[in-house]
There are 2 protein chains.
Amino acid sequence: MFSKTTEYAIRVVIYLSVNTTPSSLAGVNEIAGNLNFPAAFLGKVLQDMVKKGLIISVKGPGGGFYLNDNTLSLSILDIVELMEGLGFLNKCGLGINSCSPENPCPIHEEYKNVPESMRKALSIKSICDIREDLTDGNNELTIDF
Amino acid sequence: MFSKTTEYAIRVVIYLSVNTTPSSLAGVNEIAGNLNFPAAFLGKVLQDMVKKGLIISVKGPGGGFYLNDNTLSLSILDIVELMEGLGFLNKCGLGINSCSPENPCPIHEEYKNVPESMRKALSIKSICDIREDLTDGNNELTIDF
DNA sequence: AAAATAAAAGACATTCACATCTTTTATTAA
DNA sequence: TTAATAAAAGATGTGAATGTCTTTTATTTT
Ligand code: FES
Ligand code: FES
């Protein structure tokens, strides 16, 4: 659904929310190791995320990355929007570029609730909420973030 | 959401359902022209569709393609399944390869109804139904299929 | 200051979906 | 039976996303 860049960004945000503080950072190699991402490419994504204000970087020995405070209040959808935009919510179900009521494809009506449910699924929780889910441990989440 | 190949296949099926009969065919160039697809590439897709039994080809002068009878009873979802499989219904919303209850990601629960609504949107109508919608003209479909 | 560390930046490589071009084969019409 | 037509098949090209490698810059520790 999303580009690798966006996917990595989402999972990095969640990882950093759980595993770092402004005084306890995570380096590229640690993140790449734990999330099983290609380290060199992840470096690029992290730079991008710094530019976009999602995370903060510290150079030099002991350096690394941690989450920008503001990022905690964002939803996954907000992160997707920052990384690659929300065009995916306007895609026609049959691949015709612009889904619109004026030019409906044969399944336009039936398809309407797909982007709707996507938007909901991606925006109902904040990163903060997700961090709580993961740290509280009173759920069944098992994947390493 | 789908590959170009699958997208082209879907729209070709709809086009042929409306515009051809076993005695009135459509050639690659006609289809490509009307649907605004690259003709040479479409040729490859059409070959694939013939192999998969979706359409029937006739060589030589006056030749071209028409819809296999069986195809009329299929849904869009059936066509997607034939062309590229139904893996997209099992993709995790965060991009982790296998969405499963055993290994739920942080938005696993919220994401559940997304593939559900996709499946419904893509399977509720048969190609036959869609052809009726388009030929009856008692709807507002405006895109050329 | 010098050495070590780690991110930033730039250049380069790979891959795959997508697309094009050319040649071959089958069919029809004259 | 020759010429024309159109699909089938094979070879080749392209671009964007993804991934790697090397050099530079900033920071910290000694
Ligand atoms: S035009 Fe196809 S889903 Fe709206
Ligand atoms: S594991 Fe992510 S949606 Fe199911």
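Only heavy atoms go into these numbers, but all of them, side chains included; no hydrogens, no water, no symmetry mates. A note on names: the letters A, B, ... follow the listed sequences, proteins ahead of strands, and every chain is numbered from 1.
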Undergrad: If I take atom CG in residue B:Leu42 and atom P in nucleotide D:dA9, what distance separates them, rounded to the nearest angstrom?
TA: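 B:Leu42 atom CG is separated from D:dA9 atom P by 16 Å.
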
Undergrad: Can you tell me how far P of C:dA17 sits from CE of B:Met83, to the nearest Å?
TA: 13 Å

Undergrad: Would you call B:Arg119 and B:Glu116 a salt bridge, using N to O less than 4.0 angstrom?
TA: no

Undergrad: Let me have the donor-acceptor pairs involving side chains of residues 55-70 of chain B, under 3.5 Å, with sequence neighbours excluded, atom names and distances please.
TA:
{"from": "B:Asn68", "atom 1": "OD1", "to": "B:Asn70", "atom 2": "N", "distance (Å)": "3.1"}
{"from": "B:Asn68", "atom 1": "ND2", "to": "B:Gly53", "atom 2": "O", "distance (Å)": "2.9"}

Undergrad: Rounded to the nearest Å, what distance is computed from the CG atom of residue B:Asp48 to the P atom of nucleotide C:dA17?
TA: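 B:Asp48 atom CG is separated from C:dA17 atom P by 13 Å.
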
Undergrad: Just how far, in rounded Å, is C1' of C:dC16 from NZ of B:Lys4?
TA: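 After rounding, the gap between these two atoms is 15 Å.
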
Undergrad: List the protein contact pattern of nucleotides 4-13 of chain C with one symbol per nucleotide (5' to 3'): B for base contact, S for sugar-phosphate-only contact, - for none; contact means a heavy-atom distance under 4.0 Å.
TA: BBSSBBBB--

Undergrad: CZ of B:Phe37 versus P of C:dA19: gap in Å, rounded?
TA: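 These atoms are roughly 10 Å apart.
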
Undergrad: Scan the side chains in residues 23-33 of chain A for donor-acceptor partners under 3.5 Å anywhere in the protein, sequence neighbours excluded, and list what turns up.
TA:
{"from": "A:Ser23", "atom 1": "OG", "to": "A:Thr21", "atom 2": "OG1", "distance (Å)": "3.2"}
{"from": "A:Glu30", "atom 1": "OE2", "to": "A:Tyr15", "atom 2": "OH", "distance (Å)": "2.6"}

Undergrad: Contact class for A:Tyr8 (heavy atom, under 4.0 Å): base, sugar-phosphate, or nothing?
TA: sugar-phosphate

Undergrad: Would you check if B:Arg11 and B:Phe37 make a side-chain contact, meaning some heavy-atom pair closer than 4.5 Å?
TA: yes

Undergrad: Checking contacts here: which listed nucleotide (D:dG19, C:dC18, D:dT18) is nearest the side-chain heavy atoms of A:Pro38?
TA: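 Closest of the options to the side chain of A:Pro38: D:dG19.
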
Undergrad: Check the distance between D:dT22's C1' and A:Phe41's CZ and give it to me in whole angstrom.
TA: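 To the nearest whole Å, that distance equals 18 Å.
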
Undergrad: Spell out, as yes or no, whether a donor-acceptor pair under 3.5 Å connects the side chain of B:Thr71 to the backbone of B:Leu54.
TA: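 Judged by distance alone, yes, a pair lies under 3.5 Å.
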
